[in-house]
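Read the structure below first, then the notes.
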Amino acid sequence: MAIKSLSIRIEDEMLNKLHVISDYEGRSANSQILVLIRDLIEKYEKEHGKIEL
């Protein structure tokens with residue numbers, strides 16, 4: 001699996017809150033974002049079926 005990079009624009013306050021939550025969960029901010037994305041995809045696929053690429 002290829003690893004891609006993604007750049008996002010995020011407000012300082014939101015980024016700071018993400019870091020607080022990530023630290024609490026014992027993850028980096030990047031890892032926390034990946035968990036959120038995986039959870040979103042899983043929820044979507046449960047409701048709409050598997051995404052075929």
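Here the CG-NZ distance, from Asp12 to Lys17, works out to 12.5 Å after rounding to the nearest 0.5 Å. Ser5 OG to Asn30 CG: the interatomic distance, rounded to the nearest 0.5 Å, is 8.5 Å.
Contacts of Lys46 classified as side chain to side chain contact (heavy atoms under 4.5 Å, CB included), with partners at least two apart in sequence or in another chain: Glu42. Glu11 is linked by a salt bridge (Lys or Arg N to Asp or Glu O under 4.0 Å) to nothing, counting only residues two or more places apart in sequence or in another chain. Shown here are the side chain to side chain donor-acceptor pair (under 3.5 Å) partners of Glu47, two or more places apart in sequence or in another chain: there are none. In this view, Leu18 and Leu15, Ser22, Ala29, Gln32, Ile33 satisfy the side chain to side chain contact (heavy atoms under 4.5 Å, CB included) rule, not counting sequence neighbours. Partners of Lys4 under the salt bridge (Lys or Arg N to Asp or Glu O under 4.0 Å) rule, at least two apart in sequence or in another chain, do not exist in this structure.
Listed by first and then second residue, the salt bridge (Lys or Arg N to Asp or Glu O under 4.0 Å) pairs involving residues 18-28 are Glu25-Arg27 (not counting sequence neighbours).
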Exercise. Would you sort out whether Ile37 and Asp39 count as a side-chain contact (heavy atoms from CB on, under 4.5 Å), showing the intermediate values?
Key: CA-CA 5 Å; Ile37 292 170; Asp39 289 349; over 6 Å; no
